[in-house]
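A short worksheet on the structure shown next.
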Amino acid sequence: MVSEYEKTRLANIKRNQELLVSLGIDSPLLEPKEKPRKKNPVVKKRKLPESTLNDGESLPPTKAQRGEVSDSAPASSVRRSTRNAGKLVDYKKEIIKDSPIPVAYSSGVKTSENTGPMGREDGPRKYDPKTYGSIPGIEVGTWWETRQGCSADSIHAPWVGGISGGKQGAYSVALSGGYDDDVDLGYAFTYTGSGGRDLKGTKAAPKNLRTAPQSSDQTFENTFNKMLLRSCELKKPVRVIRGFKSRSKYAPAEGYRYDGLYRVEKAWLGKGNNPKGYMVCKFAFKRLPGQPPLLVRDEDEPGKLESIDYEETDNKIDKEDSPPKEGNPE
DNA sequence: GGGCCCGCAGGG
DNA sequence: CCCTGCGGGCCC
């Protein structure tokens, strides 16, 4: 028998998908023009800048990721984290040299010479991440090994948090598959807000976590959810990165990739995918037109990337303005 | 692989 | 100075 959790998950996925369709986000106009089968895939070849990610030569062995730990092996040659769980290609050896993926110039590792507030490896950040829209010099499709790198290049500032923003809405979000009822169609996706997790524990049993399972309802009072709501109202562009933990075929197998600008088309409250059905804030995003095509993993050859070009739609979605409905799946 | 715990960036 | 958070390294 199917678990309750699974039932909710499937119901939510169905609902989220229907929502995207109802918003016109999954319209036929968003179907691939033509599958770029094998022949001459339209990918940008781009050579990695010399200075980048080469066996950590730019990373002083004295200062590794955490304090004084690990001078035994440079982080770039030994990989232990689950980040590589689904990895089918060695990015460093196979892909980077001849890659469709622009690899960021910052490896995002702080050094002793770089203790400044902006955190870039070779100096302060060039641009303020607290801006709406694109960051000069960072192309769509740029890839980093860690969130730290995204932060250093101003694409998505927080090292952990999924949402970054200010008074006029979110600057950026990270898709990392933290909520498995979210739907990712590439050019559109649903996203779940923040909050409702028990990060601190109780006085008796204190915790100090960065993420945790859902244990209460989310609300739009939450700072981050409020930001995304604001984005929806003001239609500001939001930078989107996809991470390896997302199970979507539009997500990179490893690391994090900047996939360009999206807009929040709708915000609503719905039942979450958690066992107890705690409410979560949901958001529907749509990619802005006029950007480079997304990369997608080939389902037959999962290690391989193709870029898919889509027809662009006008954003007809501005059929004013059905207020967010209470979510009630089922 | 799971659990733990931590630094860090940002907003208020 | 308080809080949060879709990381990530490390130890088991």
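In what follows, chains are A, B, ... by sequence order, proteins preceding strands, each numbered from 1.
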Task: Proximity of A:F285 and A:F189 rings by center, below 6.0 Å - done: yes

Open item on the list: In whole Å, I'd like the distance from the CG atom of A:L209 to the P atom of C:dG7.
Closed with: 14 Å

TODO: Compute the centroid of each ring, for A:Y187 and then for A:Y262, and state whether the two points are separated by less than 6.0 Å.
DONE: no

- [ ] Could you check how far CG of A:D182 sits from P of C:dC6, rounded to whole Å?
- [x] 12 Å

Task: Under-4.0 Å salt bridge between A:R9 and A:E6 - done: yes

Open item on the list: Nearest to the A:F224 side chain among B:dG12, C:dG8, C:dG5, which nucleotide is it?
Closed with: C:dG5

Task: Nucleotide C:dC6, atom C1' - distance to CZ of A:R147 in whole Å - done: 7 Å

Open item on the list: In whole Å, I'd like the distance from the NZ atom of A:K130 to the P atom of B:dA9.
Closed with: 12 Å

Would you list the protein and nucleotides 1-3 of chain C atom pairs, both N or O, that sit under 3.5 Å from each other?
none

Task: Co-members of A:L209 in a cluster of I, L, V, M, F, W and Y side chains, linked at under 4.5 Å - done: A:L199

Open item on the list: So A:S194, base contact, sugar-phosphate only, or nothing? Heavy-atom distance under 4.0 Å.
Closed with: sugar-phosphate

TODO: Specify the separation, in whole Å, of atom CH2 of A:W159 and atom P of B:dA9.
DONE: 5 Å

Open item on the list: Is it the case that the side chains of A:S248 and A:D184 hold a donor-acceptor pair, with the cut-off being a distance below 3.5 Å and no angle test?
Closed with: yes

Task: Result of checking A:N273, A:D181, A:D180 against A:N12 for side-chain hydrogen bond (donor to acceptor under 3.5 Å, both in side chains) - done: A:D181

TODO: On DNA chain B, check which nucleotide each of A:Y171 and A:V160 is closest to and give me the residue with the more 5' one.
DONE: A:V160

Task: Pairing residues for A:S172 by the side chain to side chain contact (heavy atoms under 4.5 Å, CB included) criterion, not counting sequence neighbours - done: A:H156, A:S164, A:R239

Task: Whole angstrom value for the distance that separates P of C:dT4 from CD1 of A:I163 - done: 15 Å

Open item on the list: Test of understanding: with salt bridge (charged side-chain N to carboxylate O under 4.0 Å, His left out), list the residues that count as partners of A:D259, not counting sequence neighbours.
Closed with: A:R242, A:R257

Open item on the list: Can you tell me which nucleotide in B:dG10, C:dC6, C:dG8 comes closest to the side chain of A:T146?
Closed with: C:dG8

Task: Earlier contact from the 5' end, DNA chain B, for A:A157 and A:P206 - done: A:P206

Open item on the list: If you compare every side-chain N and O of A:Y256 against the phosphate oxygens of C:dG7 (OP1, OP2), does one of them come in below 4.0 Å?
Closed with: yes

TODO: Search all heavy atoms of A:L288 against all heavy atoms of A:P237 and return the closest pair with its distance.
DONE: CD1-CB, 3.9 Å

TODO: Nearest whole angstrom, please: distance from the P of C:dG9 to the CG of A:N208.
DONE: 18 Å

- [ ] Rounded to whole angstrom, note down the C1' distance from B:dG12 over to C:dC6.
- [x] 22 Å

- [ ] For A:G178, answer base if it contacts any base atom (sugar-phosphate contacts may also be present), sugar-phosphate if it contacts only those atoms, and nothing otherwise; contact means non-hydrogen atoms under 4.0 Å.
- [x] base

TODO: Just call it for A:G165: base, sugar-phosphate, or nothing, with non-hydrogen atoms closer than 4.0 Å on any strand.
DONE: sugar-phosphate

Task: For A:S134, all residues meeting side chain to side chain donor-acceptor pair (under 3.5 Å), sequence neighbours excluded - done: none

- [ ] Return the value, rounded to whole Å, for the distance between atom CD of A:Q148 and atom P of B:dC8.
- [x] 9 Å

Open item on the list: What contact category does A:S246 fall into here, base, sugar-phosphate, or nothing, at under 4.0 angstrom with non-hydrogen atoms?
Closed with: nothing

Task: Bracket string, DNA chain C, 5' to 3' - pairs by Watson-Crick or G-U geometry under 3.5 Å, | interstrand - done: |||||.||||||

